[in-house]
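Quick notes on the structure that follows.
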Amino acid sequence: FNGEGIKMYNDGSKFEGTFYNGMEAKGKLTQKNGDYRLGVFIPGTWKLEGDDCEIKQGDIFLQGTFKNDNLIKGRHKQGRTVWEGSFNEKGQLSGKGKEFLFNDKGGEQICEGNFKYGELEGDSAYIKFFIGDVYEGQVKNGLPHGNGMTTFPSGGTEKGFYFEGT
C-alpha cells in the first residue's frame, strides 16, 4: 500500500501518515499515553531520520534534525532545562549552543557559547545567573575560569581572572 492512512496497533498506539510499500514512512506515531514520534522513519523501524522531526516522551521533548534516531541539531527540553544547538552521539551539546535553566520561582539562567561533552568551554562564553549577574569570558567545565568580566544588576562590573567559578 502506498499513500495516506491510519493504522491502529494492539498496544493502543496509532500511526497517521504516509505509507510506502506497506510500511510507515512519514507521519506521527502516537502512543496510548500521549507520547509521540513525528517525522520520517527509517524503513522497517520507528527510528527518525532527517529534518523537522519530533519526539515527546514524558517530560522530554526533542525537535530538529535526527540521524538514526539521535537528535544532532535542534532543541532538547527536559524538565526545567532546555538545550539548543548541535548534539553529539550521546545527546550532549557539542559546539555552539545555549542552555536555559528555569527555577520554580520563574527565574532563568542562560549559558551560551561553545560546548564540549555538554559543558560550556572556551574563550567567549556568556552566563546569566539566576541572581541577575552576567559573566562574559573564559570558561572551563561550565564555570568562569580565566579572564572575564561580571556585570551586576546594579550596573557595577568586576573584571579579572576567575578560577573554577570564583
Side-chain angles (χ1 to χ4, degrees), residues 17 25-31 33-42 45-166:
K26 181 180 181 181
K28 184 175 185 179
L29 173 70
T30 306
Q31 296 177 338
N33 67 1
D35 291 349
Y36 68 86
R37 305 171 77 71
L38 173 70
V40 175
F41 296 97
I42 295 173
T45 74
W46 289 121
K47 294 180 177 182
L48 293 169
E49 185 83 20
D51 299 329
D52 301 320
C53 296
E54 295 179 7
I55 295 175
K56 184 206 173 287
Q57 186 173 353
D59 74 340
I60 299 171
F61 180 73
L62 308 172
Q63 180 181 39
T65 302
F66 284 72
K67 183 175 183 180
N68 197 28
D69 214 38
N70 294 309
L71 179 65
I72 58 170
K73 187 173 185 180
R75 182 178 173 101
H76 175 170
K77 180 182 184 295
Q78 185 169 358
R80 294 182 176 158
T81 306
V82 176
W83 299 272
E84 293 179 349
S86 297
F87 298 86
N88 65 20
E89 64 282 349
K90 293 183 179 182
Q92 302 163 320
L93 271 177
S94 180
K96 189 162 177 55
K98 293 181 184 180
E99 177 183 60
F100 302 87
L101 302 140
F102 301 93
N103 66 22
D104 57 358
K105 295 179 174 90
E108 70 176 357
Q109 178 172 307
I110 302 168
C111 300
E112 184 175 356
N114 288 310
F115 287 79
K116 185 176 181 181
Y117 303 109
E119 294 286 347
L120 191 58
E121 291 278 336
D123 292 335
S124 57
Y126 170 91
I127 304 172
K128 178 186 174 262
F129 295 97
F130 285 116
I131 59 174
D133 297 354
V134 174
Y135 172 81
E136 295 179 84
Q138 296 174 317
V139 292
K140 183 177 180 182
N141 297 324
L143 297 172
H145 187 83
N147 292 313
M149 183 174 77
T150 300
T151 303
F152 302 99
S154 65
T157 62
E158 179 179 275
K159 193 173 190 179
F161 187 85
Y162 292 75
F163 183 76
E164 297 179 350
T166 59

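All values below were derived from every heavy atom in this structure, side-chain atoms included, with hydrogens, water molecules and symmetry-related copies excluded. Here the structure is a predicted model, which is why all the values come from computation and not from measurement.
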Under 30°, 30 to 60°, or over 60°: which ring-plane class applies to Trp46 and Phe41, parallel, tilted or perpendicular?
perpendicular
Backbone of Gly58 reached by a side-chain donor or acceptor of Asp35 within 3.5 Å:
yes
Quick check: are there more than 12 heavy atoms from other residues, nucleotides or ligands sitting under 6.0 Å from NZ of Lys98?
no
Got a second to check how far Lys73's NZ is from Lys67's NZ, nearest 0.5 Å?
14.5 Å
When you look at Asn68 and Glu49, which way does the side-chain contact (heavy atoms from CB on, under 4.5 Å) test go after all the steps?
CA-CA 6 Å; Asn68 197 28; Glu49 185 83 20; 4.3 Å; yes
Would you check if Trp83 and Gln92 make a side-chain contact, meaning some heavy-atom pair closer than 4.5 Å?
no
Of all heavy-atom pairs linking Ala125 and Leu120, the shortest is CB-CD2, 3.8 Å
Under 4.5 Å between any side-chain heavy atoms of His76 and Ile60, yes or no?
yes
Using the six-membered ring wherever Trp is involved, compare the ring planes of Tyr135 and Tyr162 and label them parallel, tilted or perpendicular (cut-offs 30° and 60°).
perpendicular
Would you mind reporting whether Glu121 and Lys140 have side-chain heavy atoms less than 4.5 Å apart?
yes
Closest heavy-atom contact between Pro144 and Ile127?
CD-CD1, 4.3 Å
Hey, mind stepping through Ile110 and Phe100 against side-chain contact (heavy atoms from CB on, under 4.5 Å) and telling me if it holds?
CA-CA 5 Å; Ile110 302 168; Phe100 302 87; 3.8 Å; yes
Do other residues, nucleotides or ligands put more than 12 heavy atoms under 6.0 Å from Asp52 CG?
no
Residue pair Gly39 / Cys53: nearest heavy atoms and the distance that separates them:
CA-SG, 4.0 Å
Check this for me: Tyr117, atom OH, are more than 12 non-hydrogen atoms of other residues, nucleotides or ligands nearer than 6.0 Å?
no
N/O donor-acceptor pair under 3.5 Å between Gln138 side chain and Asn147 backbone
yes
Over 12 foreign heavy atoms within 6.0 Å of CD, Glu108:
yes
Just by distance, do the side chain of Gln57 and the backbone of Tyr36 share a donor-acceptor pair under 3.5 Å?
no
Evaluate the side-chain proximity of Val139 to His145: yes if any heavy-atom separation is below 4.5 Å, no if none is.
no
For Arg75 and Phe87 the tightest heavy-atom approach is N-CE1, 4.4 Å
Would you say Gln109 and Phe129 make side-chain contact, with heavy atoms under 4.5 Å?
yes
Would you check, one step at a time, whether the test side-chain contact (heavy atoms from CB on, under 4.5 Å) holds for Ile55 with Asp69?
CA-CA 9 Å; Ile55 295 175; Asp69 214 38; 4.1 Å; yes
With side-chain contact (heavy atoms from CB on, under 4.5 Å) as the test, would you mind laying out the steps for Val134 and Lys128 before giving the verdict?
CA-CA 4 Å; Val134 174; Lys128 178 186 174 262; 4.1 Å; yes
Checking the side chain of Asp133 only, and the main-chain atoms of Phe152 only, is there a donor and an acceptor separated by less than 3.5 Å?
no
Assess whether atom NZ of Lys56 is packed by more than 12 heavy atoms of other residues, nucleotides or ligands within 6.0 Å.
yes
A side-chain contact here means heavy atoms from C-beta on lying under 4.5 Å apart; do Arg80 and Leu101 qualify?
no
Closest heavy-atom pair and its distance - Leu143, Glu164:
CD1-O, 3.8 Å
List the atom of Leu48, the atom of Phe66, and the distance in Å for their closest heavy-atom pair.
O-CB, 3.8 Å
Can you see whether Phe61 has Lys77 sitting over its ring - NZ or CZ less than 6.0 Å from the centre and within 45° of the normal?
no
